[in-house]
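Throughout, numbering of the chain's residues begins at 1 and tracks the sequence. Remember, it's 1-based here, ligands and their atoms both numbered in the order they're listed.
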Amino acid sequence: MQLQDILYSQGFGTRRICAGLIQQGWVAVYGAGAAEPVVCLNALQDFEVEGLVMRVQGVDWSYQDKAYVMLYKPAGTECSQKPSAYPSVYTLLPAPLRQRPSKSAVDGVQAVGRLDQDTTGLLLLSDDGQFIHRMSSPKKHVPKVYRVTSKHPISGDQIERLLAGVVLDDDPRPVRAAACVQLDEHTMDLALTQGKYHQVKRMIAAVGNRVDALHRSRIGGLELPADMRPGEWRWLSQEDIALLT
Ligand code: URA
């Protein structure tokens with residue numbers, strides 16, 4: 001693929017902007033096993049994209065056919081592209097991830113489901129529509145684990161009711177926790193396989209308690225890495241993606 005098309009596909013701007021970046025010497029390409037990249041001034045030069053690593057405006061960037069990333073969502077951020085009160089989680093991502101051209105209506109990566117503004121933890125984003133659909137589908141039953149800190153002490157009865165199923169106001173069919181493990185007086189891990197609006201908060205309210213803090217720690221078999229910090233993002237590896245299904 002030509003270098004200007006590679007940059008364009010990765011979200012570095014229009015083909016004209018990408019050609020400009022290259023001609024002005026802002027793009028260097030790592031040869032196989034090379035420690036330092038070599039500047040390429042020819043926008044039309046062909047490169048094999050598989051395993052390609054470039055340095056664009058001083059930042060290393062590995063070619064990704066599709067983008068799959070995880071973000072440690074901090075509190076006080078909204079998952080919407082057009083937030084109403086708090087900054088959008090998309091502002092935490094580098095511009096190329098937000099600009100990647102897409103065949104769908106919107107460019108860039110999209111969040112897989114949403115977390116409330118005050119919820120923290122693991123959020124997935126991708127520009128692969130099928131992946132987003134698969135991960136969000138209630139039929140897939142991918143469990144999501146939330147660490148709940150409650151306002152009132154948690155009782156055995158509350159745990160039992162969460163596991164047996166509670167009725168929320170928008171649906172007569174009960175929703176139940178796939179697992180519910182109490183960790184201390186005010187903390188439990190709750191696993192859900194559906195994703196209704198405010199589901200954890202409404203389930204906890206339905207059993208007579210209240211959520212003080214909510215953190216998503218796991219999706220499927222993928223844990224939020226212990227060394228990640230709020231606001232940080234990472235590419236998902238093939239192994240990470242395999243853990244999700
Ligand atoms: N359930 C909630 O109530 N809020 C979230 O952010 C996620 C699940």
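Under a cut-off of 6.0 angstrom, the local environment of CH2 in W26 is sparse, with at most 12 non-hydrogen atoms contributed by other residues, nucleotides or ligands. Counting non-hydrogen atoms of neighbouring residues, nucleotides and ligands closer than 6.0 angstrom, the NE2 atom of H133 reaches no more than 12 such neighbours. The number of heavy atoms from other shown groups lying within 6.0 Å of CD (Q238) does not exceed 12. No more than 12 heavy atoms of other residues, nucleotides or ligands shown are found within 6.0 angstrom of OH on Y86. Around CZ of R234, the count of heavy atoms belonging to other residues, nucleotides or ligands within 6.0 Å exceeds 12.
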Next item on the list: Decide yes or no on ring pair (Phe, Tyr, Trp, His ring centres under 6.0 Å) for Y72 and W233, but give the supporting numbers first.
Entry: CA-CA 6 Å; Y72 188 156; W233 73 275; over 10 Å; no
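Residue-ligand proximity, T119 to ligand 1, at heavy-atom distances under 4.0 Å covers atoms 4 (N), 5 (C), 6 (O). Near L214, the atoms of ligand 1 lying under 4.0 angstrom from a non-hydrogen atom of the residue are 1 (N), 2 (C), 3 (O), 4 (N), 5 (C). Near L115, the atoms of ligand 1 lying under 4.0 angstrom from a non-hydrogen atom of the residue are 6 (O), 7 (C). Each of the following atoms of ligand 1 lies closer than 4.0 Å to a heavy atom of Q199: 1 (N), 2 (C), 3 (O).
Looking only at heavy atoms of the protein, atom 4 (N) of ligand 1 is closest to D116 OD2, 2.7 Å. The shortest contact between atom 7 (C) of ligand 1 and any protein heavy atom is with Y146 CE2, 3.6 Å.
Proximity of V211 to ligand 1, defined as any heavy-atom pair under 4.0 Å, is not found for any part of the residue.
An N or O contact shorter than 3.5 Å links V200 to ligand 1 by distance. Distances between N or O atoms of H198 and those of ligand 1 include at least one value under 3.5 Å.
Side-chain atoms of R98 never come within 3.5 Å of backbone atoms of R100 as a donor-acceptor pair (strictly under, hydrogens ignored).
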